[in-house]
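Below is one structure, written out as structure tokens; the observations come after it.
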Protein chains: 2
Amino acid sequence: MSEPNTGVYLRQLYDSLVTNLHKELALQGYEEITPSHGLVFQYMEENGSRITSLASLAGMTKQSMSALVYQLENLGYLLRTADPDDGRAVLFVLTAKGEQLKSLAKKINRSFEQRWEETLGTEQYTLLRGLLLKLVESA
Amino acid sequence: MSEPNTGVYLRQLYDSLVTNLHKELALQGYEEITPSHGLVFQYMEENGSRITSLASLAGMTKQSMSALVYQLENLGYLLRTADPDDGRAVLFVLTAKGEQLKSLAKKINRSFEQRWEETLGTEQYTLLRGLLLKLVESA
DNA sequence: AATTTTAGTCAGTTAAACTGACCAAAATTA
DNA sequence: TAATTTTGGTCAGTTTAACTGACTAAAATT
């Protein structure tokens, strides 16, 4: 193979992060949590989110997002409440269990990224993040 | 949301690359090619690859890889030949159509990355690639 | 008041992975 | 060299996570 494209690097790094996260979560008893559940935690708003808004943030259909939140609700990570302002809508909020998982996941990812930071040095790692952010924002 | 982790950036950028690639390929008539087919093209060796080796490089089971190469064979991108040195094995090689697709995909990705390079400037983009490579290699 | 849009569900489909059981050829070991 | 184990691959069936289409009811618009 000649020069691998940047995409190959991006994918490998992202995969290693996700694999690590779910391996660690499984070790700590959260075996039922899958990568796609992560999207829900990532996009949940403080005072509750609607399926439609989660779906649009995560870039998937509301039917698919509906399935994800239904699973998380049944597993006790989310609570379904009625939206006081809109009789059609449903608001989901994180339960205590949900908050716990979210902060554990954050911790696991932070410590994994710590290894990246150590590999490059803090300065270079900050630089890397800045460059990535610039690309994300330019899209 | 507070500071997004680096993984979020990596995923967004990778997704945009893949989405662009398959949108462009579809426009040029390769609608039948899916992201997972890309793994085959990425890991194919010059003088033919075995299912087992492709599977291991791509990090999936041989059954799954078997399905992918079967599809690509039926679509005319791969040719199945017997391995002269091993009666159990099968060698797949790219057909002319397969080579064409591979080089088109490369071109599309290169020009997409070109936009990233323009956003950051060549120097910073080279730096970014170097940092990513360092992380990939440290794994 | 009638119509259209929006939030969400139900039902069914598809894509892409998985496991388990198996066969035949090759490699290893006794 | 014969018996056993490993390896390359297939077949059959399952699972996960997405999808589309058709629908209901509430809200917003005309």
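Just so we're on the same page: letters track the sequence lines, and every chain starts at 1.
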Base-pair string, DNA chain D, Watson-Crick plus G-U, cut-off 3.5 Å on both distances, | for inter-strand, is ||||||||||||||||||||||||||||||

CD of B/Glu31: more than 12 outside heavy atoms within 6.0 angstrom? no

A quick test of your reading: do over 12 heavy atoms of other residues, nucleotides or ligands sit less than 6.0 Å from CD of A/Glu46? no

With the side chain defined as heavy atoms from C-beta on, B/Arg88 is closest, among D/dT7, D/dA27, D/dG9, to D/dT7

Send over the distance from B/Leu91 CG to D/dG9 C1', rounded to a whole Å. 13 Å

Are A/Phe41 and A/Leu94 packed together at the side-chain level, in the sense that at least one heavy-atom pair is separated by less than 4.5 angstrom? yes

Is it the case that over 12 heavy atoms from other parts of the model lie below 6.0 angstrom from the NZ atom of B/Lys134? no

When you measure from the side-chain N and O atoms of B/Arg80 to the phosphate of D/dT10, is any distance below 4.0 Å, counting only OP1 and OP2? yes

For B/Glu24, check side-chain hydrogen bond (donor to acceptor under 3.5 Å, both in side chains) against everything at least two apart and list the hits. none

Could you check whether any side-chain heavy atom of B/Tyr30 comes within less than 4.5 Å of a side-chain heavy atom of B/Leu104, counting everything from C-beta outward? yes

Are B/Tyr125 and B/Thr122 packed together at the side-chain level, in the sense that at least one heavy-atom pair is separated by less than 4.5 angstrom? no

Residue-phosphate contact under 4.0 Å: B/Arg50 side-chain N/O, D/dG8 OP1/OP2: yes

Between B/Val90 and A/Asp85, just flag the one whose closest nucleotide in DNA chain D comes earlier from the 5' side. B/Val90

With respect to the phosphate group of C/dA15, does any side-chain polar atom (N or O) of B/Ser36 fall under 4.0 Å of OP1 or OP2? no

Taking only heavy atoms on the protein side, list every residue of residues 53-75 of chain A lying under 4.0 Å from any atom of DNA chain D, sorted numerically. A/Met60, A/Thr61, A/Gln63, A/Ser64, A/Leu68

Is any side-chain heavy atom of B/Met60 less than 4.5 Å from a side-chain heavy atom of B/Leu68? yes

Starting from C1' on C/dT14, measure out to CD on B/Glu32 and report it in whole angstrom. 17 Å

Whole-Å gap separating P (C/dA15) and CG (B/Leu39): 17 Å

Does the side chain of B/Met65 come within less than 4.5 Å of B/Val40's, by heavy atoms? yes

Would you tell me if any nitrogen or oxygen in the side chain of A/Thr52 comes within less than 4.0 Å of OP1 or OP2 on C/dG8? yes

Please classify the nucleic acid contact of A/Asp86 as base, sugar-phosphate, or nothing, using heavy-atom distances under 4.0 Å. sugar-phosphate

